[in-house]
Amino acid sequence: MEFLSELIFWCFVVLTVGSAAVVVFHSRIIYSAFALLFTFVGVGALYLYLSADFLAASQLLIYVGAILTLIIFGVFLTTKVMSIDLPEQSHQRFLALIPITLIGIVILWVILQTPWAVNPAEAAPTTKELGRLLMSRYLVPFELASVLLLAALIGAMRLARYFKMEE
Amino acid sequence: MSETVISFNPGDLIPFLPELVLVGGLLILLIVDLIIHRNKGNTIAAAGGILLVVLTIIALTGNEKIGAYLFNAVVQDGVTLFFRVFFAISALIAIGIMVSSFKKEGEPFILVLSSVLGMFLLAGSNDLVTLFVAIEMVSIPSYVLAGYKRKDPRSGEAALKYVIFGAFSSGLLLYGFSLLYGLTGNTGLPEMAAELTKLSSGSPAQIVGLILVLAGIGYKIAMVPMHFWCPDVYEGSPTPITAFFSVLPKAAGFAALFRLMPLFATLKPAYGLSGVGLITMVSALTMTFGNLGAIWQDSVKRLLAYSSIAHAGYILMGFAVIVSMPEGELYNLAVTAVLFYLVVYMFMNLGAFLVVDWVERHLGGDSIGYFKGLGKGNPLPALALAVFLFSLTGLPPLAGFIGKFYLFAAVVKAKMWALAMIGIANAVVSLFYYVRIIRDMYLHDPSPEFDNSEAPLKLGKLTAVLTLVTVVPTVILGIWWGPLAEWIKLRIF
C-alpha cells in the first residue's frame, strides 16, 4: 500500500514537471495552454498528498475550471495567435545554463539542509479550520483581496475599453 | 480540534477607521463617477482630494499607538501612524499634479486612491499574508496607471515592463515567504522573528528566504539589482503618474521594509553574510549605480528616475544602521533619519516632477533641450526647479542637506565608515548631473529646435499653488527642521 501510494505520487510529480516543461518549451501557444491543464491537475494532486483537501478541490475548480478555460478562450479569440510562432531561439541559451544551474544547486541545498517546521499530516477535513481562519486571523487580507479585485477590474476595463482616437 | 468561539471586538474597528473611510469613499466615488456625466473627472479628483484630507485629519488626531489588533493581522504603532499621514499628504499633492492632465476621467484618481489604501495597510501589516495582499494592492493599480496613454507606445511598454517585472518579483517575494514560513510555521511577523531568533546559526533557508524577500521588496523601491524596470517605466508613464510612482509606491516599499526589519535583524553572520552586510551592500550598489546611470541621460524624466534609484540607496543606508541596532539611541536616530529623509524626498521629488510635467505639457517633451533658457522667460518655475534640484543634491541651506545630514550622522555614529565614504562620493557625483540642468536653464539661450522661446509660458493657478506647496517645505525644512524631527520622534517613540 505504501509502495503504491509512493508510485502514484511520483507519477503525479512527473506529470506536473513534464507538462510544465511543455508549457515553457513548446513554440505554439495553444499547446502550451493545454499542457498547463495537466500542470494544474498535477499540482492539485500534490496538494492532496499534503492532506490539503480544500486547496486541492479549489485548485481544480478555479485553476482548471475557470482560469484555464479563460486562457484558452483568450487564445482562440485573439486573431492570428494560432500562426504566431514564439521565438524559440535565444542568443544566450547556453550562457543561461550557468545561473540556472547555480540557482538549482542553491535551492536543493536549502531544501536538504534546513530543519523544517514539520506538522504531522492528518487525514482530516480542513474546511472548518480554514473557515475559522478566514473569519478571524486572515479576515483583513481576505477582505482586502476583494477590494484588490475591484481595483483590478476597474483597471482591466480601462485598458480594454474601446477608445476613440480623439482621446 | 478546539471549539473556541471567534470573538470579534468592535472596538478594533476604531483604529482601522482611516482605511474604512478610504474604502467607503472609494466605492462612493466609483458610483458617483458612473452617475455623473462623463468628462468630469475633475470633480471626482476634487472629491477624492477632500476625502484624503478628512482621512489625514482622522489619522492625525484620533489615533494612538495600540499595538496589534484585528486578530493580529494589523498593528498600529509609531511607524504606522507616521506613514499614514505621510501617504495621505503625498497622495494629495500627487492627485493635485494629476488634475491638470486627466481632465476627462475619474478612473485614474480611483486607481491612485486604491493604491493608497494598499499603502495604508502595508504600513500597518503585522502578518505576511496582509503584507503580501497589501503590496499587490499597491502594485496592480500602478500597472494600469503606467499604461494610461494608450496612443503612446512607450506608455504601453512601460506598463508591460512594470507588470512582468512585478509578477517576477512577487514570485521571488512569495518564494522567500514560503521558505521563512517553512522554517517558522507561522505567518505573524513578531512570531516569525521570535522563531528565527531561536535558530542556532543562520540556516540556509533563512538566508535564501531573506535574500529573496529583500529582492521582492527591492523591486518596489528600485533597489539594485531589481531596478531595471525603473527608468523605462518612469519615462513611458504619463508624467503626473511618474511623480506618483517616484514617491508613493517607493515609500510603501520602505514601509514594508520597516515591517520586515525584525526578520532581517535575526540573520546572524553565516556563510560570510549578515543582515547588516546584505543591506549595506545593496545600499552602496544602489546609490552608485543610480548616480552613474543618471549622468548619461538626456531625458529629464529618465534622469530623475536614476536619481530616485540613488535616493533609495541613501535611504537604505539608514536601514543598514537600523538592522545593526535593533534598539537604543542609535536605532532611534536612524529611524528618525530615514523618516525625515522620506518627507524631504517627497516634497523635492514631487516638486521636480511637477515642473517637468508643466514644461512637458507646454512644450511637448521632457528632453533636457526643452529646459534650455527656461530661466530667462519663466524665472519663477525655473527657480523652483533649481531649488528642487539643489535640494536633491543635498546642498545647504535646503531640506535635502538636512535629510542627508541626519542619514550620514546615523551611519557615522554606527561606525560604518566605508558606507559613509561611498555615500559622500555619490553625493558629489550627483551634483554633476543636477547642475547640468540648472546650467542649461540659466546659461543657455532657448534653442529654436525645441521651439522654446523667451516668451513666458502660461502658469496655471493649480500648478502655482502646488509649486508653492512643495517649494516652501523644501526651503523651510532646510532652515528650521527641528519641529518636523521632533514630530517624528513623538510619533515613533
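Letters A, B, ... mirror the listed sequences (proteins, then strands); counts begin at 1. As the structure is a prediction and not an experimental result, all values here were calculated from the model.
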Side-chain ([X]) to main-chain ([Y]) donor-acceptor, under 3.5 angstrom:
X: B:Arg259; Y: B:Ala123; result: yes
X: B:Tyr69; Y: B:Val75; result: no
X: B:Ser115; Y: B:Val138; result: yes
X: B:Thr80; Y: B:Gly124; result: no

Would you indicate whether the side-chain heavy atoms of B:Leu70 and B:Phe16 approach each other to under 4.5 Å?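 SC-SC contact between B:Phe16 and B:Leu70 confirmed.
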Pair A:Tyr47-A:Phe54, ring-ring contact (aromatic ring centres under 6.0 Å, His included): steps then yes or no: CA-CA 9 Å; A:Tyr47 285 147; A:Phe54 181 74; over 10 Å; no
Let's test your reading of the structure: which of B:Ser114, B:Gly182, B:Gly188 forms the most heavy-atom pairs below 4.5 Å with chain A?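 Among B:Ser114, B:Gly182, B:Gly188, the one with the most close pairs to chain A is B:Gly182.
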Picking from B:Ala73, B:Gly209, B:Ala205, which has the most non-hydrogen pairs under 4.5 angstrom with chain A? B:Ala205
Any donor-acceptor pair under 3.5 Å linking the side-chain atoms of B:Ser203 with those of A:Thr114?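 Side-chain D/A pair, A:Thr114 to B:Ser203: absent.
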Check whether the side chains of B:Thr266 and B:Gln206 place a donor and an acceptor atom closer than 3.5 Å, and report yes or no.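 Per modelled atom types, B:Thr266 and B:Gln206 side chains form a pair under 3.5 Å.
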Once ring-ring contact (aromatic ring centres under 6.0 Å, His included) is applied, do any residues pair with B:Phe87, and if so which ones, sequence neighbours excluded? B:Phe83
Side chain / backbone / both / neither for [X] at chain A, heavy atoms under 4.5 Å:
X: B:Ala134; result: both
X: B:Val129; result: both
X: B:Thr130; result: both
X: B:Leu145; result: neither
X: B:Leu183; result: both
X: B:Leu27; result: side chain

Only counting residues at least two apart or in another chain, list the ones meeting side-chain contact (heavy atoms from CB on, under 4.5 Å) with B:Ser170. B:Phe132, B:Glu136
Using a 4.5 Å heavy-atom cutoff, which residues in residues 133-152 of chain A come close to chain B? A:Met135, A:Ser136, A:Arg137, A:Tyr138, A:Leu139, A:Val140, A:Pro141, A:Leu144, A:Ala145, A:Val147, A:Leu148, A:Leu150, A:Ala151, A:Ala152
Expected contact set for residues 58-67 of chain A against chain B at heavy-atom separation under 4.5 Å reads none
Would you mind telling me which of A:Ile154, A:Val106, A:Val110 has the largest number of heavy-atom pairs within less than 4.5 Å of chain B?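 The answer is A:Val110.
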Between [X] and [Y], which heavy-atom pair has the shortest distance, and what is it?
X: B:Ala215; Y: B:Met226; answer: O-CG, 3.4 Å
X: B:Val233; Y: B:Ala146; answer: CG1-CB, 4.5 Å
X: B:Leu113; Y: B:Leu22; answer: O-CD2, 4.2 Å

Can you confirm whether more than 12 heavy atoms, excluding those of A:Tyr31, are under 6.0 Å from its OH atom? no
